[in-house]
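All values below were derived from every heavy atom in this structure, side-chain atoms included, with hydrogens, water molecules and symmetry-related copies excluded. In what follows, residues are counted from 1 in the order of the sequence shown.
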Amino acid sequence: MCPNCEDFARTVFMLGQLALYADTFGADQDFVEAVGPCLAASLPEPPPGTFPPGYDPTDGPDYPGEGWTP
(Lines give C-alpha, C1' and ligand atoms only; values in the text may rest on other atoms or scores of the structure.)
Protein backbone atom coordinates (compact mmCIF):
# COMPACT_ATOMS: atom_id res chain seq x y z
CA MET A 1 0.00 0.00 0.00
CA CYS A 2 1.36 3.43 -0.93
CA PRO A 3 2.15 5.84 1.95
CA ASN A 4 -0.69 8.23 0.98
CA CYS A 5 -3.12 5.30 0.74
CA GLU A 6 -2.34 4.26 4.31
CA ASP A 7 -2.60 7.84 5.62
CA PHE A 8 -5.86 8.39 3.75
CA ALA A 9 -7.39 5.15 5.05
CA ARG A 10 -6.29 5.85 8.63
CA THR A 11 -7.66 9.41 8.59
CA VAL A 12 -10.99 8.32 7.08
CA PHE A 13 -11.21 5.61 9.76
CA MET A 14 -10.59 8.17 12.52
CA LEU A 15 -13.27 10.46 11.06
CA GLY A 16 -15.69 7.54 11.13
CA GLN A 17 -14.82 6.73 14.73
CA LEU A 18 -15.29 10.38 15.66
CA ALA A 19 -18.73 10.37 14.00
CA LEU A 20 -19.69 7.28 16.01
CA TYR A 21 -18.42 8.88 19.21
CA ALA A 22 -20.36 12.09 18.45
CA ASP A 23 -23.60 10.07 18.46
CA THR A 24 -22.99 8.46 21.85
CA PHE A 25 -24.72 9.65 25.01
CA GLY A 26 -22.54 12.12 26.87
CA ALA A 27 -20.13 12.75 24.02
CA ASP A 28 -18.09 15.91 24.40
CA GLN A 29 -19.42 17.98 21.49
CA ASP A 30 -16.73 20.64 21.96
CA PHE A 31 -14.12 17.92 21.37
CA VAL A 32 -15.97 16.68 18.28
CA GLU A 33 -16.25 20.23 16.88
CA ALA A 34 -12.55 20.87 17.49
CA VAL A 35 -11.15 17.57 16.23
CA GLY A 36 -13.46 16.93 13.24
CA PRO A 37 -12.30 19.83 11.06
CA CYS A 38 -8.67 19.15 11.96
CA LEU A 39 -8.95 15.55 10.84
CA ALA A 40 -10.75 16.55 7.66
CA ALA A 41 -8.09 19.17 6.88
CA SER A 42 -5.33 16.61 7.40
CA LEU A 43 -6.67 14.25 4.73
CA PRO A 44 -3.96 13.69 2.12
CA GLU A 45 -4.74 13.50 -1.57
CA PRO A 46 -7.02 10.53 -2.20
CA PRO A 47 -5.22 7.42 -3.45
CA PRO A 48 -5.21 6.82 -7.19
CA GLY A 49 -8.38 5.09 -8.35
CA THR A 50 -10.57 6.47 -5.56
CA PHE A 51 -12.49 8.61 -8.05
CA PRO A 52 -13.16 7.86 -11.73
CA PRO A 53 -10.95 9.56 -14.36
CA GLY A 54 -12.02 13.12 -15.04
CA TYR A 55 -14.04 13.39 -11.81
CA ASP A 56 -14.54 16.99 -10.73
CA PRO A 57 -16.01 17.41 -7.23
CA THR A 58 -17.12 20.95 -8.09
CA ASP A 59 -19.11 19.78 -11.10
CA GLY A 60 -22.73 18.95 -10.48
CA PRO A 61 -26.07 20.46 -9.63
CA ASP A 62 -26.37 23.61 -7.56
CA TYR A 63 -27.32 23.15 -3.95
CA PRO A 64 -30.59 24.68 -2.80
CA GLY A 65 -30.21 28.41 -2.53
CA GLU A 66 -27.12 28.54 -4.79
CA GLY A 67 -26.84 29.48 -8.42
CA TRP A 68 -30.20 31.24 -8.60
CA THR A 69 -30.40 34.89 -9.51
CA PRO A 70 -33.63 36.87 -9.79
Side-chain angles (χ1 to χ4, degrees):
M1 182 179 272
C2 65
N4 280 355
C5 297
E6 187 177 337
D7 289 344
F8 185 81
R10 184 181 307 117
T11 305
V12 169
F13 176 77
M14 287 190 293
L15 280 166
Q17 293 297 304
L18 183 65
L20 290 173
Y21 169 72
D23 285 339
T24 60
F25 178 75
D28 182 350
Q29 293 303 314
D30 290 334
F31 173 78
V32 173
E33 290 175 14
V35 173
C38 296
L39 279 173
S42 72
L43 277 170
E45 285 292 316
T50 301
F51 300 107
Y55 175 77
D56 182 5
T58 61
D59 187 28
D62 292 330
Y63 288 96
E66 292 181 2
W68 182 80
T69 53

Show me the donor-acceptor pairs within less than 3.5 Å that the side chains of residues 26-33 make with the rest of the protein, sequence neighbours left out.
from: D28; atom 1: OD1; to: D30; atom 2: N; distance (Å): 3.1
from: D28; atom 1: OD1; to: F31; atom 2: N; distance (Å): 3.3
from: Q29; atom 1: NE2; to: A22; atom 2: O; distance (Å): 3.1

For a quick test of your reading: what N or O donor-acceptor pairs under 3.5 Å do the side chains of residues 13-20 make, sequence neighbours left out?
none

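- Shown here for A34 and C38, the closest heavy-atom pair between the two residues is O-SG, 3.2 Å.
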